[in-house]
Amino acid sequence: MRSLRTGLSLTGLVTAAALLLTAPAAHAADTPLRDLASAKGKVIGTAVTGSKLTGTYGDIAGAQFSSLTPGNAMKWGTVEPTQGSFNWTEADQIVAFAKAHNQQVRGHTLVWHNQNPSWLTNGTWTSAQLGTLLQNHITTEVTRYKGDIAAWDVVNEPFNEDGTYRSTLWYNGLGSGYIANALTWAHAADPAAKLYINDYNVEGVNAKSTALYDLVRSLKAAGVPIDGVGLQAHLILGQVPATLQQNIQRFADLGVDVAITELDVRMQLPATDASLAQQKADFKSVTAACAAVTRCVNVTVWGFTDSDSWVPGTFPGYGAATPYDENYAPKPAYYGISEALGGTTTTPPPSTGACSATYSVVNQWNSGFTGQVTIACSGASLSSWKATWTYGAGQQITQAWNAGCTQSGAAVTCTNASYNGTVPDGGSVTFGFNASWSGSNPVPTVTLG
Ligand code: G3I
């Protein structure tokens, strides 16, 4: 028995190897979402914030996803806050991270009515000036990232709910022709990038999605370069449209690709086992609808962790909209995506007691992995805690943090550090560890004592 609070040597690997030969895996190790998606010919993405792409956030973004969308970094207001003065820092950072992790980038977004620089929105422009500004913006940004962007959300949110054009700077100043022009200018700057129109509340068959359908059909008939439609999919718990797959299919039949570009499923807080289970079903059915249509190429979540979601700031009282919780533990929704992509992982059972422990592998490489355990309480609290489990395939902990861990044979015992023994009602603590593995890395069941 050794203390692992400050790390330890790797003795015990012989025991680990022996166990490997005899102990059957209780569960298959989680296969990263990007590998599952790839096996189905799909891309799985997430919106990201560039400054957060280190540590656990970076590990998950790199390991689980095959596409990144800058959540804000490529919007006009970010890249040209002062006319003629550009800031590409965060966008460059995301593109570099994506290259290093063999990921696609979805560029977001070139023409929108939100998050434009104030010099643009406060200016007085003739129609000709506005057209020139837009053409220069598109040409500058698309050219800068030529070859780096798999797909651009060229035009974002052009429609009202009833299918009429939204009254915006662009529509009011340039008429509906701004859409065809924007696509044409983007194509001239990077002929290889797939060009999309992206909108929300167009997931099911309705007036708005039919307006988008009619627009795409007329653009194609006119020879305008349009490659795809983005269905944002900012959904409300339990409200996945029944016609989602049918709608995806009708766009595919028009001859364009489809992407789910901004998937999240918001719920009233606090989350419960029941709402998280419904959310799992919702993520699963959206992912499955895309998986079922050949031309649906990408499912992107709008932030993968609840700590990086736009929802609580926009819908007070609502949140928990993403597949990972605020401590980076995968939620049932994560397993919904995984299962829809053919994964065989099992969802950790909902907590029946007042406090529960959830074990997850947050990063894994050829011989080692980083794991974490989150202890969460609801209707109860703890003033100290002990988490125990038995490894089924010879895994060996080498280092732990935010807990003191000892391992004796396959049996692991972790107790709270001096500063995190208290888990309040409604709160949680997370500790982490590095460990070695070989052959398989099944997830053990953690018991709280
Ligand atoms: O960067 C400033 C920061 O300096 C300041 O202290 C802080 C205080 O409010 O604001 C920060 O800017 C915020 C920005 O996100 C970056 O975090 C803005 O206030 C906030 O309005 C902005 O929200 C973004 C929202 O678009 C704006 O409409 C969200 O992050 C972004 O996720 C969201 O994304 C959109 C898609 O682009 C299009 N579809 C809908 C989707 C959700 O609204």
Side-chain angles (χ1 to χ4, degrees), residues 1-32 55-56 59-60 63-64 324-325 327-330 334-335 345-349 351 353 355-377 382-423 428-449:
M1 197 85 114
R2 293 147 296 169
S3 168
L4 294 160
R5 200 186 288 267
T6 53
L8 50 65
S9 71
L10 286 177
T11 55
L13 280 178
V14 174
T15 316
L19 274 174
L20 178 69
L21 295 175
T22 53
H27 304 288
D30 294 358
T31 304
T56 308
D59 289 345
I60 296 173
Q64 294 287 336
Y324 284 80
D325 73 13
N327 298 313
Y328 301 121
Y334 169 91
Y335 296 97
T345 52
T346 45
T347 309
S351 60
C355 295
S356 64
T358 307
Y359 176 109
S360 58
V361 174
V362 294
N363 189 23
Q364 181 170 300
W365 55 99
N366 52 0
S367 61
F369 67 100
T370 300
Q372 68 179 25
V373 172
T374 296
I375 299 168
C377 291
L382 297 170
S383 55
S384 65
W385 45 263
K386 181 171 77 170
T388 60
W389 65 88
T390 302
Y391 273 130
Q395 300 98 320
Q396 179 71 44
I397 293 193
T398 55
Q399 184 186 11
W401 51 94
N402 297 334
C405 293
T406 57
Q407 181 165 353
S408 179
V412 177
T413 302
C414 296
T415 54
N416 60 271
S418 58
Y419 51 85
N420 67 356
T422 300
V423 186
S428 66
V429 300
T430 296
F431 66 91
F433 51 87
N434 286 333
S436 60
W437 71 288
S438 170
S440 69
N441 187 15
V443 171
T445 301
V446 179
T447 305
L448 271 183

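Model, not experiment: these values are computed from the prediction.
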Measure the shortest side-chain to side-chain distance between [X] and [Y] over non-hydrogen atoms and say whether it is less than 4.5 angstrom.
X	Y	result
L382	I375	yes
W365	W437	no
N402	Y419	yes
C405	F431	yes
V373	W389	yes

Quick one: which of T370, N363, T398 gives a side chain to side chain donor-acceptor pair (under 3.5 Å) with N434?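 Of the listed options, the one satisfying the test is T370.
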Give me the atom names and distance for the closest heavy-atom approach of [X] to [Y].
X	Y	value
N327	Q372	O-NE2, 3.1 Å
A63	P32	O-CB, 3.4 Å
F369	S436	CE2-O, 3.8 Å
A435	I397	CB-CA, 3.8 Å
V412	C414	CG1-SG, 3.8 Å

I need the [X] [atom1] to [Y] [atom2] distance, nearest 0.5 Å.
X	Y	atom1	atom2	result
D30	Y334	CG	OH	5.0 Å
S438	N366	OG	CG	10.0 Å
W385	C355	CH2	SG	12.0 Å

Tell me if a side-chain donor or acceptor on Q395 pairs with a main-chain N or O of V443 at a distance below 3.5 Å. no
Among N416, V429, T374, side chain to side chain contact (heavy atoms under 4.5 Å, CB included) partner for V423: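 With V423 as partner, side chain to side chain contact (heavy atoms under 4.5 Å, CB included) holds for just one option, V429.
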Is it the case that Q407 and Y391 place a side-chain donor and acceptor less than 3.5 Å from each other?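 Judged by distance alone, the side chains do not pair up.
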